[in-house]
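Starting from 1, each residue takes its place in the sequence as its number. All heavy atoms count here, side chains included; hydrogens, waters and symmetry mates do not.
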Amino acid sequence: MRGIPLEERKALGALLDTRSQAEVMAQISQFGEAETGNFAEPLEAVPETLGALMFNMERGVHLKEIQDFLRDCPNIRPFDLILANELDDGCARSGNKNTARELAQAFSLNYAWGLEFIELVDDENEKGFHGNAVFSRWPIRRAGVIRLPEQYNWYFDRQRRIGGRLAVFAELDVGGRPLGAVSIHLENRTHGEGRRRQMETILEAVERELPDMPVILGGDLNTNTFDGRDKEDIGDIAGSPELRRRCLEDVFQFEELLPMAAEAGYEIVPGEPKMTRRKPLPGGDFLPLRLDWILLKGASAGESRMVSTAREDLTYARPGSALAAFTGAELSDHNAVWAMCRLL
């Protein structure tokens with residue numbers, strides 16, 4: 001995707017002191033585009049089931065290690081479809097790489113990537129682009145982006161960004177049969193009602209853009225059960241074992257988007273109350289959250305699981321690999337979710 005020169009990015013950002021994100025984004029055509037690339041070899045046969053992986057890759061800052069994880073982790077195999085969040089393009093923190101394209105090339109996958117934010121805080125960014133992606137072993141017939149109603153203005157955050165949350169969709173050709181795939185990233189700095197509105201926009205767009213076909217949706221839905229802007233609320237939850245349990249066991253009661261999706265006919269996995277996000281707390285503790293999901297309609301999941309990305313669980317790393325040499329606490333601040341899916 002074509003970048004924007006640094007001084008132009010700064011000038012566009014400065015407009016946000018007096019204008020809305022929607023007004024400024026309307027001047028940037030990249031926010032309405034989906035970048036695509038085709039690196040997959042034609043498949044000789046279509047399997048009866050397909051493996052879907054949902055993974056927030058935390059900006060792709062550990063790209064070599066993520067490649068080893070995708071290559072060697074036995075609990076995510078097979079994967080034929082990846083719904084990925086937080087992949088940088090031209091950000092210094094991730095080596096100014098197009099992380100989605102590099103992953104697609106490394107694994108001979110086709111991909112579609114959409115721009116969520118333009119990062120403004122680091123002048124070493126070649127582009128400062130950050131977004132979400134769909135990766136597929138099958139051809140992508142068409143792709144696009146679904147922009148979501150704003151629930152938080154990230155320009156006035158310490159991260160200083162142009163943009164807003166989005167979903168990326170792709171219509172895949174699975175042996176001549178269409179399959180819709182959508183990678184979603186909902187807002188963390190809002191309440192459950194704000195996320196419900198964003199999910200409502202997505203479900204309506206799926207009916208419009210991917211009609212009459214099976215669909216697999218997935219992403220970091222940020223279903224934390226609280227308003228991410230409310231530090232006091234977060235502290236109360238962290239300090240109470242009873243309230244902490246709601247973040248894993250009672251998510252459906254506090255996040256209306258999940259029962260709304262179920263009522264619309266979506267199967268939601270994984271069903272077990274497993275942690276997918278370790279939210280750091282003062283003193284070195286963390287709050288276990290259940291944020292990452294796969295949703296299916298016109299398809300069913302015969303098997304699904306959460307897959308840890310904590311360093312102590314990376315026991316399968318090959319000697320001499322980047323993953324084996326990894327010394328961080330976690331490969332990503334999110335665990336992955338995998339499901340074996342059958343199209344109905």
Side-chain angles (χ1 to χ4, degrees), residues 13 16 19-25 31 54 56 58-59 83 85-86 114-121 130-132 145-168 182-206 217-238 243-244 246-248 250-264 266 268 275-281 286-293 295 333-334 337:
L16 289 168
R19 301 185 190 179
S20 70
Q21 286 279 6
E23 289 177 288
V24 175
M25 291 169 66
F31 280 117
M54 188 278 123
N56 182 323
E58 198 182 358
R59 305 168 176 177
L83 306 173
N85 298 141
E86 295 197 16
L115 175 61
E116 187 169 47
F117 296 113
I118 300 174
E119 310 281 354
L120 299 174
V121 296
H130 176 74
N132 307 308
V145 298
I146 305 166
R147 303 238 61 102
L148 305 183
E150 182 182 304
Q151 302 299 320
Y152 180 76
N153 189 336
W154 281 87
Y155 179 71
F156 297 104
D157 187 87
R158 60 181 174 80
Q159 297 185 60
R160 290 180 70 81
R161 295 160 150 179
I162 306 172
R165 301 297 186 182
L166 92 160
V168 181
V182 187
S183 175
I184 303 167
H185 200 186
L186 302 186
E187 186 57 71
N188 63 317
R189 284 167 165 76
T190 189
H191 39 56
E193 173 59 19
R195 286 183 285 273
R196 188 201 65 78
R197 292 174 191 154
Q198 291 185 327
M199 192 62 165
E200 184 176 50
T201 298
I202 291 168
L203 297 184
E204 291 173 354
V206 168
L217 285 55
D220 174 4
L221 306 187
N222 274 308
T223 46
N224 50 39
T225 77
F226 51 80
D227 190 329
R229 298 166 294 188
D230 191 336
K231 303 302 181 185
E232 184 176 342
D233 194 17
I234 296 170
D236 290 343
I237 293 171
L243 291 176
R244 286 170 72 107
R246 93 182 199 188
C247 297
L248 293 179
D250 301 326
V251 178
F252 277 70
Q253 296 180 28
F254 291 88
E255 295 286 347
E256 295 181 19
L257 71 93
L258 294 171
M260 178 184 69
E263 186 175 347
Y266 285 87
I268 302 174
M275 172 185 69
T276 68
R277 163 80 160 105
R278 298 166 285 271
K279 182 176 178 61
L281 296 171
F286 65 84
L287 180 63
L289 300 174
R290 191 179 174 193
L291 307 185
D292 304 88
W293 308 83
L295 295 79
D333 57 357
H334 288 250
V337 174

Residues R277, N56; criterion side-chain contact (heavy atoms from CB on, under 4.5 Å); working and verdict: CA-CA 10 Å; R277 163 80 160 105; N56 182 323; over 6 Å; no

Using the side-chain contact (heavy atoms from CB on, under 4.5 Å) rule, take M260 and L203 through it: C-alpha gap first, then chi angles, then the decisive distance, then the call. CA-CA 10 Å; M260 178 184 69; L203 297 184; 4.0 Å; yes

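- Considering only heavy atoms from C-beta on, H185 comes within 4.5 Å of N222 through its side chain.
- In this structure, Q159 CD and W154 CH2 are separated by 5.0 Å, a value rounded to the nearest 0.5 Å.
- When all heavy atoms are compared, the tightest approach of A261 to I268 is CB-CD1, 4.3 Å.
- To the nearest 0.5 angstrom, D220 atom CG is 5.0 Å from D292 atom CG.
- No side-chain heavy atom of F226 sits under 4.5 Å from any side-chain heavy atom of L243.
- Between the side chain of R246 and the backbone N or O of T225, at least one donor-acceptor pair lies under 3.5 Å.
- A distance-only check finds a donor-acceptor pair linking the side chain of R147 to the backbone of F31 [under 3.5 Å].
- The CD1 atom of I162 sits 14.0 Å away from the CD atom of E116 when rounded to the nearest 0.5 Å.
- The shortest side-chain heavy-atom distance between L186 and L257 falls under the 4.5 Å cut-off.
- For the residue pair R165 / N132, no side-chain donor-acceptor distance below 3.5 Å is found, with atom types taken as modelled.
- A salt bridge does not link E200 to R197: none of the charged side-chain nitrogens sits closer than 4.0 Å to a carboxylate oxygen.
- How far CD of E187 is from CG of L221: 12.5 Å, rounded to the nearest 0.5 Å.
- Nearest heavy-atom pair across P288 and C247 is O-CB, 3.5 Å.
- Taking the six-membered ring for Trp and thresholds of 30 and 60 degrees, F252 and W293 have ring planes more than 60 degrees apart, a perpendicular arrangement.
- The two residues P149 and T201 make their nearest non-hydrogen contact at CD-OG1, 3.4 Å.
- Counting heavy atoms from C-beta on, the side chains of Y155 and L120 come closer than 4.5 Å.
- Side-chain contact between Q151 and R195 is absent, with no heavy atoms from C-beta onward closer than 4.5 Å.
- Rounding to the nearest 0.5 Å places CG of L115 at 9.5 Å from NE2 of H130.
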Full working for side-chain contact (heavy atoms from CB on, under 4.5 Å) between L287 and N224: CA-CA 10 Å; L287 180 63; N224 50 39; over 6 Å; no

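- Here E86 contributes atom CD and H334 contributes atom NE2; the two are 6.0 Å apart, rounded to the nearest 0.5 Å.
- The side-chain heavy atoms of E255 and R196, taken from C-beta on, include no pair separated by under 4.5 Å.
- Panel note: side chain Q198, backbone L148; no donor-acceptor pair is recorded below 3.5 Å.
- Considering only heavy atoms from C-beta on, E256 comes within 4.5 Å of E193 through its side chain.
- Side-chain contact between M54 and T276 is absent, with no heavy atoms from C-beta onward closer than 4.5 Å.
- With hydrogens and angles disregarded, a donor-acceptor distance shorter than 3.5 Å links the side chain of N85 to the backbone of I184.
- Shortest non-hydrogen contact noted between R161 and F117 is NH1-CE1, 3.3 Å.
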